Amino acid sequence: MSKILTRRRFITGVSAAALSAATAGTGAYLARRYGLVPPDSGGLFGIETSMTYAAHRLLLYGQPLAREFGREQISKNFPAINTILPEDDAYRSDIPSGFRKWRLAVDGLVMRPSEFSLEDLQRFPSHTQITQHVCEQGWSAIAEWTGVRLSSVLNAVGLQPQAKYIFFTCIDGWWDSIDMADAWHSQTLLTYGMNGRDLPIPHGAPVRLRVERQIGYKNLKYLSTITVTDTAADWGKGQGSEGAENGYSWYAGI
Ligand SMILES: Nc1nc2c(c(=O)[nH]1)N[C@H]1C(S)=C(S)[C@@H](COP(=O)(O)O)O[C@H]1N2
Ligand SMILES: [Mo]
């Protein structure tokens, strides 16, 4: 039997174990211990989403990079969908100044709760990558994103050791969360630039999240706060995201 097959069988076996652990009582400890149970495991699509999450986290334990592209592959037309201009007075009145009043609050299980202005974020080392955005609605587009690594900001505020999820809220009311594997990933950025310019308003200005290994809806626009937690229980119905409450899996790895 080839190495790959053996590895695959092993992974399938372990995922199945994680799955039954997630759903049955006794093994739950093991799956939780290894961080293989997503917060929406008890939801409508709990079995599928738990399988996918456990399999990806085991298969991709080396935290591989999402594919990057060449400048010539950047899409001429990158759609802007859902919110394209938040209905928020403070937001709108801040547009002419280039978001001088906007602040990104970072709190929760951190050593130094902080607020960052756009300029503060731009003072961190900047990182640029050309990646493909894949929307669950059936379109994809390639763009160049510039911003600060989320890991740089997390290091600046200092995480407490229990940190397990990073929750985000947005000016238009969206909220979601990611796990630490994606939070520390080198391509996970708080972006303020797109295709060499300031991030346009329809694409989430002043700052949007890029989580390159997950599908479109995880890439939150119009960021407002970041909260570090050790549980998803205190947010909404406890499934980790607003989307999960509406049937979109919390973990949307691609
Ligand atoms: N705050 C916020 N974030 C969001 C959305 C949104 O409406 N509001 N839409 C999501 C979805 S489903 C997709 S595909 C992308 C769309 O990003 P774009 O408008 O830059 O193409 O943003 C995601 N993040
Ligand atoms: Mo999407």
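Being a predicted model, the structure only gives us computed values, none of them experimental. Counting starts at 1 for both ligands and their atoms, in listed order.
- Among protein heavy atoms, the minimum distance from atom 3 (N) of ligand 1 is reached at K221 N, 2.9 Å.
- The part of W139 lying near ligand 1 is the side chain, judged by heavy-atom distances below 4.0 Å.
- Against a heavy-atom cut-off of under 4.0 Å, P79 is close to the following atoms of ligand 1: 18 (P), 19 (O), 21 (O).
- Considering both main-chain and side-chain atoms, Y222 never comes within under 3.5 Å of ligand 1 through any nitrogen or oxygen pair.
- When all heavy atoms of D179 and R57 are compared, the pair lying nearest together is OD2-NE, 2.7 Å.
- If you check the side chains of D182 and T188, you find no donor sitting under 3.5 Å from an acceptor.
- Atom 12 (S) of ligand 1 has N82 ND2, 3.2 Å as its closest protein atom, hydrogens excluded (heavy atom only).
- For the atom pair NZ (K164) and OG1 (T231), the distance works out to 7.5 Å, reported to the nearest 0.5 Å.
- Using a 3.5 Å distance cut-off with no hydrogens or angles, the side chains of H133 and R210 do pair a donor with an acceptor.
- Under the 3.5 Å distance criterion, with hydrogens and angles disregarded, a donor-acceptor pair is assigned to the side chains of S117 and D120.
- The closest side-chain donor-acceptor pair between Q187 and E68 falls under 3.5 angstrom.
- No close placement of the H127 and W145 rings is indicated, their centers lying 6.0 Å or farther apart.
- Any N or O atom pair closer than 3.5 Å counts here, and H133 shares no such pair with ligand 1.
- Nearest protein neighbour of atom 2 (C) of ligand 1, counting heavy atoms only, is D172 OD2, 3.4 Å.
- Each of the atoms 12 (S) of ligand 1 lies under 4.0 Å from some heavy atom of E136.
- T146 and T128 form a side-chain donor-acceptor contact under 3.5 Å, judged by distance and modelled atom types alone.
- Within ligand 1, counting atoms from 1 as listed, the ones closer than 4.0 Å to a heavy atom of C170 are 1 (N).
- The contact set between ligand 1 and P202, taken as ligand atoms under 4.0 Å from a residue heavy atom, comprises 19 (O).
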When you look at F124 and V153, which way does the side chain to side chain contact (heavy atoms under 4.5 Å, CB included) test go after all the steps? CA-CA 8 Å; F124 281 92; V153 173; 4.2 Å; yes

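- A donor-acceptor contact under 3.5 angstrom links the side chains of Q129 and E212, judged on distance only.
- For atom 22 (O) of ligand 1, the closest non-hydrogen atom on the protein side is R208 NH2, 3.2 Å.
- Residue-to-ligand polar distances place T83 within reach of ligand 1: an N/O pair is separated by less than 3.5 Å.
- When ring centroids are compared, Y165 and W235 stay outside the 6.0 Å threshold.
- Considering only non-hydrogen protein atoms, atom 24 (N) of ligand 1 sits nearest to N219 O, 3.1 Å.
- Note on ligand 1: Q137 sits outside its first shell, no heavy atom being nearer than 4.0 Å.
- Close approach to C135 involves these atoms of ligand 1, each under 4.0 Å from a residue heavy atom: 14 (S).
- Heavy atoms of Y217 found under 4.0 angstrom from ligand 1 belong to the backbone as well as the side chain.
- Atoms of ligand 1 lying under 4.0 Å from any heavy atom of I81, numbered from 1 in the order shown and given with element: 14 (S), 16 (C), 19 (O).
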